[in-house]
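These notes concern the structure reproduced below.
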Amino acid sequence: MDRYLVFGHPVRHSKSPFIHTLFARQTQQELEYGLAEPDVDEFAQALRTFFDQGGKGCNVTVPFKEQAFTLVDCLSPRAKRAGAVNTIKLTDDGVLLGDNTDGAGLVADLKSHGVTLADSRILLLGAGGAARGSLAPLLAELPSELVIANRTHTKAQQLAAEFHDLGPVTAQTYEQLAGPFDLVINSTSASLQGELPPLAPALIHTDIAIYDMMYGASDTAFICWAKQHGARQTMDGLGMLVEQAAEAFTVWRGIRPGTKQVLRELKRNLGVI
């Protein structure tokens, strides 16, 4: 039976085995999917061993995405742009292909919620790996402007400069931000600590769409804050998790699984519904 894994540290909390088991059942694919939690300095060896022992593909999560970028034989265009790899496939000719499905997952989830990206003004909070992986897919949707804001302004400037050839992307400090924005995406991990990015409440209005890449059994701190200030459409990153997994499954198996029922089952599993 074909074997797949998710590598991370820590990774025991991962919902990837749950998601991919449902995808396999739905598409009648014979595979097994497990967890691997090597020490940070043992990832390269663990990855080689997995494929040497017959592994077919894997997902890679924190903190190994940048390291995986350097360990594969070739990169997809979106992985090159992201500077990180979250999906690896062993091709039929024995090549390790590195891909990045995070941005595609974000865009697919936004569209599933009816969010219009074309000609919209988007604010992206954060300039880390999650933001980097999202920029090319977001800019491909032809927004009127994409503004990056980050606590360390120089990182936002560097990111905007790197992706400027793909569309109208700029960097601003939190103090410089002026609305209106159609969509705000929080790519920071602040919600994991119950914290908030320093965003002015005046930027929130009733017609804005709010997206937090983090998720949990209840609303994240950022979503709670946005609702308090009048946002009516709020979304967390659970759908992105499922959509990026579906994209990875397609890379591996050549068949696209449906995501709606799997997302419902995942929410049930987490106690969200």
Can you tell me if Glu37 uses its side chain to pair, donor with acceptor, with the backbone of Val11 under 3.5 Å? yes
Side-chain donor-acceptor pair under 3.5 Å between Ser16 and Asn59, yes or no? no
Does Thr49 use its side chain to pair, donor to acceptor, with the backbone of Ala46 at less than 3.5 Å? no
If we ignore hydrogens and angles and just use 3.5 Å, is the side chain of Thr70 paired with the main-chain N or O of Gln67 as donor and acceptor? yes
Report the distance from atom CD1 of Ile148 to atom CG of Leu124, rounding to the nearest 0.5 Å. 6.0 Å
Using modelled atom types only, decide if a donor and an acceptor are shared between the side chain of Asp109 and the backbone of Met240 within a distance under 3.5 Å. yes
Leu241 backbone acceptor or donor facing Gln244 side chain under 3.5 Å: yes
Can you confirm whether Asn186 sits close enough to Met214 that some side-chain heavy atom of one is under 4.5 Å from a side-chain heavy atom of the other? no
Just do the side chain to side chain donor-acceptor pair (under 3.5 Å) check on Asp99 and Thr87 with the steps written out, would you? CA-CA 5 Å; Asp99 201 352; Thr87 300; over 6 Å; no
Distance check, rounded to the nearest 0.5 Å: Ser120 atom OG versus Glu145 atom CD? 10.5 Å
What distance separates Ile223 CD1 from Gln228 CD, expressed to the nearest 0.5 Å? 12.0 Å
Determine whether a donor-acceptor pair (N or O, by modelled atom type, separation under 3.5 Å) exists between the side chain of Gln233 and the backbone of His113. yes
Going by an N to O cut-off under 4.0 Å, is there a salt bridge joining Glu247 and Arg78? yes
Go through Asp165 and Arg81 one step at a time and tell me if the salt bridge (charged side-chain N to carboxylate O under 4.0 Å, His left out) criterion holds. CA-CA 12 Å; Asp165 61 310; Arg81 269 292 184 179; 2.4 Å; yes
If you count the non-hydrogen atoms of other residues, nucleotides and ligands that lie under 6.0 Å from NZ in Lys15, is the total more than 12? yes
Connected-component partners of Trp225 among ILVMFWY, side-chain separation under 4.5 Å: Leu123, Leu125, Val147, Tyr174, Leu177, Phe181, Val184, Leu196, Leu199, Leu203, Ile204, Ile208, Ile210, Phe222
Decide if atom CG of Asp93 counts as having more than 12 heavy atoms of other residues, nucleotides or ligands within a radius under 6.0 Å. yes
Indicate yes or no for a side-chain donor-acceptor contact from Glu243 to the backbone of Thr259 under 3.5 Å, with no hydrogens or angles considered. no
Side chain to side chain donor-acceptor pair (under 3.5 Å) against Thr116, all qualifying residues, sequence neighbours excluded: none
Using the test side-chain contact (heavy atoms from CB on, under 4.5 Å), find all partners of Thr152 that sit at least two apart in sequence or belong to another chain. Asn150, Thr154, Lys155
Checking Leu96 against Leu71 for the side chain to side chain contact (heavy atoms under 4.5 Å, CB included) test, could you report, in this order, the C-alpha distance in whole Å, the side-chain angles of both residues, the deciding distance, and whether it holds? CA-CA 9 Å; Leu96 287 185; Leu71 295 173; over 6 Å; no
Where at least one partner belongs to residues 61-92, residue pairs that pass ring-ring contact (aromatic ring centres under 6.0 Å, His included), sequence neighbours excluded: Phe43-Phe64
Should we count CD of Glu30 as having more than 12 external heavy atoms under 6.0 Å? no
Once you round to the nearest 0.5 Å, how far does CG of Leu31 lie from CE of Met1? 7.5 Å
When clusters are formed by joining ILVMFWY residues with side-chain heavy atoms under 4.5 Å apart, either directly or through shared neighbours, do Leu47 and Leu97 land in the same one? no
Backbone N/O of Thr61 and side chain of Asn86: donor-acceptor pair under 3.5 Å: no
With sequence neighbours excluded, residues passing side chain to side chain donor-acceptor pair (under 3.5 Å) with Arg253: Asp2, Tyr4, Gln29
Going by distance alone, is a donor N or O of one side chain under 3.5 Å from an acceptor N or O of the other, for Glu265 and Gln261? yes
What distance do Ser187 atom OG and Asp102 atom CG have between them, rounded to the nearest 0.5 Å? 11.0 Å
Gln172 meets the side chain to side chain donor-acceptor pair (under 3.5 Å) criterion, sequence neighbours left out, with none
